[in-house]
Protein chains: 2
Amino acid sequence: MIDPVAFYKCLADETRLKSLIMIQLEGELCVCELMAALDETQPKISRHLALLRQDQVLLDRRQGQWIYYRLNPDLPEWVKTVLAKTAEANKTFVANNLKNLCRMGDRPERKNACC
Amino acid sequence: MIDPVAFYKCLADETRLKSLIMIQLEGELCVCELMAALDETQPKISRHLALLRQDQVLLDRRQGQWIYYRLNPDLPEWVKTVLAKTAEANKTFVANNLKNLCRMGDRPERKNACC
DNA sequence: TTTACATATTCGAAAAAACATATATACTAA
DNA sequence: TTAGTATATATGTTTTTTCGAATATGTAAA
């Protein structure tokens with residue numbers, strides 16, 4: 001059960017919507033990757049992700065020093081559809097941000113520093 | 001072209017989201033019908049509908065003293081999908097409001113007074 | 001043209017959301 | 001243990017949103 005108004009408040013902010021779209025497209029992202037892609041401060045990203053986690057839209061997982069966020073697979077079907085369609089139809093909205101996205105998983109030589 | 005953040009701000013308020021869902025389900029509703037269904041004041045309904053009109057989500061049409069609001073048929077496909085899925089999946093969210101909905105079109109004997 | 005009804009808009013106050021800054025926690029490697 | 005990196009949270013402030021109340025506009029009927 002999810003409150004539709006609360007869900008849409010999650011999407012009604014540029015930082016959160018871009019984070020969600022990029023996570024939808026990439027599968028999983030950590031805070032420092034989002035900081036680099038969105039060019040925003042750490043507390044700002046962290047605060048918005050905390051909100052998405054509290055509303056059960058995202059799940060988090062720690063791996064070493066990093067905390068990765070992903071979509072909650074138990075979301076209702078209609079919510080998954082909304083998120084998928086939104087990401088698919090708004091790739092240009094995050095195009096410049098995706099350019100600045102460096103995936104740490106793609107660079108195992110960097111064991112101890114983010115982007 | 002529609003700004004996805006602005007679009008989701010439209011959905012991020014109980015009055016607006018319920019209005020949109022009911023309009024999606026009913027096809028077209030006027031202000032006084034929404035007032036009765038949502039049990040809210042006239043300026044409040046009117047103000048929220050004005051916002052939805054400004055953002056091109058709704059179109060309005062005057063018929064006599066009443067102004068009917070309907071979905072803008074020229075919205076992008078992904079937006080229409082989001083609205084349709086949201087309405088379909090959240091009928092219980094507006095169930096009590098639909099109970100209080102009196103469609104003036106169904107009562108042609110009332111030529112000069114709303115619900 | 002007066003009266004009633006439907007809707008829109010304005011304006012100031014209240015509530016909510018977002019922010020920057022500072023600080024706390026947690027993990028890693030030396 | 002210490003230093004460095006990543007993330008979270010607390011706090012006070014600013015911005016945005018929402019609201020109620022009053023008022024204005026437009027239509028219809030008498």
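The basis for the numbers below is simple: all heavy atoms, side chains too, and nothing from hydrogens, waters or symmetry mates. Residue numbers start from 1 in every chain, and the chains themselves are labelled A, B, ... in the order their sequence lines are given, proteins ahead of strands.
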- In sequence, state the C-alpha distance, the side-chain angles, and the governing distance for A/D39 and A/N100, and then conclude on side-chain contact (heavy atoms from CB on, under 4.5 Å). CA-CA 9 Å; A/D39 191 27; A/N100 294 332; 5.8 Å; no

- Task: Mind grabbing the angle between the end helix axes of the helix from C/dT1-D/dA30 to C/dA30-D/dT1? Five pairs an end, 10° rounding.
- Result: 20°

- Taking only residues at least two apart or on different chains, which pairs with a member in residues 66-76 of chain A satisfy salt bridge (charged side-chain N to carboxylate O under 4.0 Å, His left out)? none

- Verify side-chain contact (heavy atoms from CB on, under 4.5 Å) between B/L98 and B/L101, making sure each step is shown before the conclusion. CA-CA 5 Å; B/L98 286 174; B/L101 181 63; 3.9 Å; yes

- Message: Check this for me, if you would: do B/E77 and B/K80 make a salt bridge, where the nitrogen-to-carboxylate-oxygen distance has to be below 4.0 angstrom?
- Response: yes

Under 3.5 Å between N/O atoms: give me all the protein pairs with nucleotides 7-11 of chain C, atom names plus distance.
| unit_1 | atom_1 | unit_2 | atom_2 | d |
| --- | --- | --- | --- | --- |
| C/dT7 | OP1 | B/I67 | N | 3.3 |
| C/dT7 | OP2 | B/C32 | N | 2.8 |
| C/dA8 | OP1 | B/Y69 | OH | 2.5 |
| C/dA8 | OP2 | B/S46 | OG | 2.6 |
| C/dA8 | O5' | B/S46 | OG | 3.4 |
| C/dA8 | N7 | B/Q42 | OE1 | 3.4 |
| C/dA8 | N7 | B/Q42 | NE2 | 2.6 |
| C/dA8 | N6 | B/Q42 | OE1 | 3.1 |

- Integer-rounded Å distance: D/dG20 P and B/E40 CD: 7 Å

- Query: B/K44 and B/R47: side-chain contact (heavy atoms from CB on, under 4.5 Å), yes or no, with the steps?
  - Reply: CA-CA 5 Å; B/K44 180 166 173 178; B/R47 196 161 5 92; 4.2 Å; yes

- Give every residue pair that meets the ring-ring contact (aromatic ring centres under 6.0 Å, His included) criterion with at least one member in residues 76-105 of chain B, sequence neighbours excluded. B/F7-B/W78

- How close or far is atom P of C/dA6 from atom CD of B/Q63, stated in whole angstroms? 14 Å

- Query: Near DNA chain D, under 4.0 Å by heavy atom, which residues of residues 6-16 of chain B?
  - Reply: B/K9, B/D13, B/R16

- Name all pairs fulfilling the side chain to side chain donor-acceptor pair (under 3.5 Å) condition that reach into residues 12-36 of chain A, sequence neighbours left out, sorted by first residue then second. A/E14-A/K18, A/R16-A/H48, A/K18-A/N97, A/E26-A/R103, A/E28-A/R61, A/E33-A/R103

- Do A/L75 and A/L83 come within less than 4.5 Å of each other through their side chains, counting heavy atoms only? yes

- Query: Is A/H48 near enough to C/dC19 that one of its side-chain N or O atoms lies under 4.0 angstrom from OP1 or OP2?
  - Reply: yes

- Side chain proximity check, B/L71 to B/L20, heavy atoms < 4.5 angstrom: yes

- Task: Determine if the SG-SG distance between B/C30 and B/C114 falls under 2.5 Å.
- Result: no

- Task: Write down the distance between CZ (A/R61) and C1' (C/dA26), rounded to a whole number of angstrom.
- Result: 17 Å

- Item | Rounded distance (Å) that lies between atom P of C/dA17 and atom CG of A/D55 | 11 Å

- List the steps, then state whether side-chain contact (heavy atoms from CB on, under 4.5 Å) holds for A/N72 with A/L58. CA-CA 5 Å; A/N72 181 350; A/L58 293 182; over 6 Å; no

